[in-house]
Amino acid sequence: MSRYDSRDRRGTSGRDGGSRYGSSRDSRDSYGGRGGGGGFSGGGFRGSMKGSQPGERLRKPKWDMSTLQKFEKNFYKEHPNVASRHQDEIRRFHKEKQITISGKSIPNPIFTFDEGNFPDYVMSQLRRNSWQAPTSIQSQAWPIALSGRNLVGIAQTGSGKTLGFMLPAIVHVNHQPYLEHGDGPIVLVLVPTRELAQQVIEVSNEFGRSSELRSACVYGGAPKGPQLRDLERGAEICIATPGRLIDFLESGKTNLRRTTYLVLDEADRMLDMGFEPQIRKILEQIRPDRQTLMWSATWPKEVRRLAEEFLNDYIQVNIGALQLTANHNILQIIDVCMDHEKEEKLVKLLNEIMQEKENKTLIFVETKRKADDIARRMKRDGWPVLSIHGDKSQQERDWALNDFRNGRNPILIATDVASRGLDVEDIKFVINFDYPTCSEDYVHRIGRTGRATNTGTAYTFFTPGNAKQASDLVQVLREAKQVISPKLLQLEENSRGMRGGRGGRWQRGGGGGSRFSGGGGSRFSGGNNYSNGGYRSQNSFSGGSNSGSYGSMNGHSSGSSSMGKPYQNGNSGGFKPQWNQGGVTAASLTSIQPPPGPPPSGKY
DNA sequence: AAAAAAC
């Protein structure tokens with residue numbers, strides 16, 4: 001099957017309201033360069049182009065880019081309000097949402113789902129939910145991802161991030177040829193924990209169904225059989241934790257030859273967990289001109305290095321303030337006390353909480369052993385409590401989490417396995433029985449409550465032994481305008497100078513020069529889509545041919561950001577890279593489609 | 001010093 005046949009599978013046309021170009025297929029006609037030539041194609045300029053006459057067959061116009069750009073420039077000179085109004089809107093948006101962004105030719109954000117230009121099979125699913133507007137991550141990430149660019153997103157979980165990479169992934173898959181027998185996934189999502197994998201596949205199932213995509217979830221601790229069946233049946237989307245995936249790759253049960261869209265979720269966490277060798281091993285299996293989206297809550301050196309090495313020409317989006325911040329929907333209460341007081345205080349607290357109608361409570365402790373101990377003692381005393389940590393069998397973890405989710409068991413005691421990304425609805429209380437080893441984890445833990453627009457309460461037992469963290473914690477509390485107990489301030493005072501090595505952790509780099517996407521001279525430089533009424537391009541996401549062919553690989557690796565070892569022989573052992581050098585062309589890597597008609601070069 | 005992850 002040729003690539004061109006595949007494009008129209010399942011009615012994959014973009015949103016086609018009032019297409020100026022006739023058929024939906026034509027609406028995907030592309031004449032904006034990916035990060036290169038002008039991406040401007042608004043209807044307002046239709047008049048300047050020699051279009052086809054009614055009744056005549058639609059011919060591909062000859063684009064004279066310099067004339068077009070001149071026209072656009074003049075247009076904005078003559079209609080200054082059009083441009084400035086929109087740019088102001090974007091600046092205001094970025095400022096309000098505390099978004100900073102850097103990179104070349106950054107597409108403008110979108111502010112409504114309609115502007116996302118998603119195909120019908122995605123829109124119909126979106127409409128089923130009662131969401132009002134995209135989250136800030138989605139606003140910025142969708143246009144970037146849909147235009148085929150690489151993306152580094154610095155953002156906390158629980159802000160719509162999963163959908164932020166999943167919808168473009170689904171669109172991407174729908175622009176690829178069908179899987180053939182023996183093909184591995186087209187989209188690969190790597191996540192640090194099994195629970196997260198299960199969560200992500202929920203989303204991919206929900207939104208992939210309408211275009212008949214199949215997803216597979218690959219992680220350890222569970223029988224291989226069903227996972228293999230899902231893969232062998234043909235899964236366009238694969239969500240995986242690294243270990244089991246490598247197992248399957250090494251044993252040849254699946255491959256990544258067809259993978260062209262890669263997501264690294266919670267990259268900082270994965271590095272923390274020592275997944276780097278595994279990540280490398282997996283990435284070597286994927287063709288280097290793939291589209292890659294990397295997500296991380298922080299931007300430390302290690303993550304930066306990973307991004308430089310594996311993401312060519314990426315756009316970086318920082319969502320949220322540049323300092324460590326907690327969700328403001330959460331009431332944070334810090335109880336400075338001694339270690340031996342904790343248990344009594346916990347019981348007292350839970351007694352109060354259980355009076356509430358909504359009482360779902362997540363309790364964090366320091367160690368797996370402690371999680372077990374406390375859970376056992378509480379269970380003995382009749383509390384509806386379960387525990388979850390990494391030494392439990394996956395089955396037990398699943399049970400515990402399920403019973404917690406559906407409310408059968410309102411109290412869950414957990415280690416940090418549950419601190420990040422876990423999305424359980426209506427958790428009303430988080431209790432930090434032990435303060436975590438770093439305040440970053442604190443923010444993640446309490447973030448399990450107050451999700452979306454809900455509110456929640458976080459109680460934290462803070463002992464003199466945690467004094468090193470006091471200053472970070474105070475900073476978080478101050479930022480969130482919380483009441484700060486004098487005892488905590490006293491501890492902070494005493495520990496002045498104790499906190500070591502904090503510098504830089506929250507310095508999110510990359511902000512640099514052009515923070516705002518449409519700023520200054522870049523307005524016409526390509527890829528930008530104007531969401532302003534009629535001037536919005538229909539084709540904002542149909543860029544030109546992807547420049548990232550294999551030919552450009554050399555430029556890639558010889559550039560300032562070294563690729564480490566060259567991909568050509570980059571097999572560090574185990575199994576050899578074997579991305580598909582044949583069938584899939586670089587242009588089909590992105591969701592961008594080349595114009596219909598004769599292929600632009602012999603390569604196709 | 002802990003947590004997470006493949007068999």
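Keep in mind it's a predicted model, so treat the numbers as computed, not measured.
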Measure from the side chain of [X], starting at C-beta and using heavy atoms only, and say which of [options] lies closest.
X	options	result
T437(A)	dA6(B), dA2(B), dA3(B)	dA2(B)
E250(A)	dA2(B), dA5(B), dA6(B)	dA6(B)
E366(A)	dA6(B), dA2(B), dA5(B)	dA2(B)
K368(A)	dA6(B), dA3(B), dA5(B)	dA3(B)

So what does G274(A) hit on the nucleic acid, given a heavy-atom distance under 4.0 Å: a base, only sugar-phosphate, or nothing?
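Result for G274(A) = nothing.
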
Mind checking if R269(A) touches a base, just sugar-phosphate, or nothing, with heavy atoms under 4.0 Å?
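If one applies the 4.0 Å heavy-atom cut-off, R269(A) turns out to touch nothing in the nucleic acid.
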
Salt bridge (Lys or Arg N to Asp or Glu O under 4.0 Å) with D416(A): which of R448(A), R269(A), R445(A)?
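One option only clears the test, and that one is R445(A).
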
How many Å lie between [atom1] on [X] and [atom2] on [N], as a whole number?
X	N	atom1	atom2	result
K281(A)	dA5(B)	NZ	C1'	14 Å
K392(A)	dA5(B)	NZ	P	14 Å
E440(A)	dA3(B)	CD	P	18 Å
E195(A)	dA5(B)	CD	C1'	11 Å
D441(A)	dA3(B)	CG	C1'	9 Å
L190(A)	dA5(B)	CG	P	14 Å
I413(A)	dA3(B)	CD1	C1'	17 Å
R369(A)	dA3(B)	CZ	P	11 Å

Please enumerate all residues that pass ring-ring contact (aromatic ring centres under 6.0 Å, His included) together with Y459(A), with sequence neighbours excluded.
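Scan of Y459(A) (ring-ring contact (aromatic ring centres under 6.0 Å, His included), adjacent residues dropped) gives none.
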
ring-ring contact (aromatic ring centres under 6.0 Å, His included) against Y435(A), all qualifying residues, sequence neighbours excluded
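For Y435(A) the ring-ring contact (aromatic ring centres under 6.0 Å, His included) partners, ignoring immediate neighbours, are Y442(A), F462(A).
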
Side-chain N or O of T241(A) less than 4.0 angstrom from OP1 or OP2 on dA6(B)?
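Yes, within the criterion.
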
Distance test, side-chain N/O of R445(A) to OP1/OP2 of dA3(B), below 4.0 Å:
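For dA3(B), neither OP1 nor OP2 has a side-chain N or O of R445(A) closer than 4.0 Å.
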
Cation-pi check, K360(A) onto F429(A) ring (under 6.0 Å, within 45° of axis)
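Checked: cation-pi criterion not met.
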
Taking D247(A) first and then K253(A), would you say they form a salt bridge - that is, a charged N and a carboxylate O separated by under 4.0 Å?
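Looking at D247(A) and K253(A), the cut-off is not met.
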
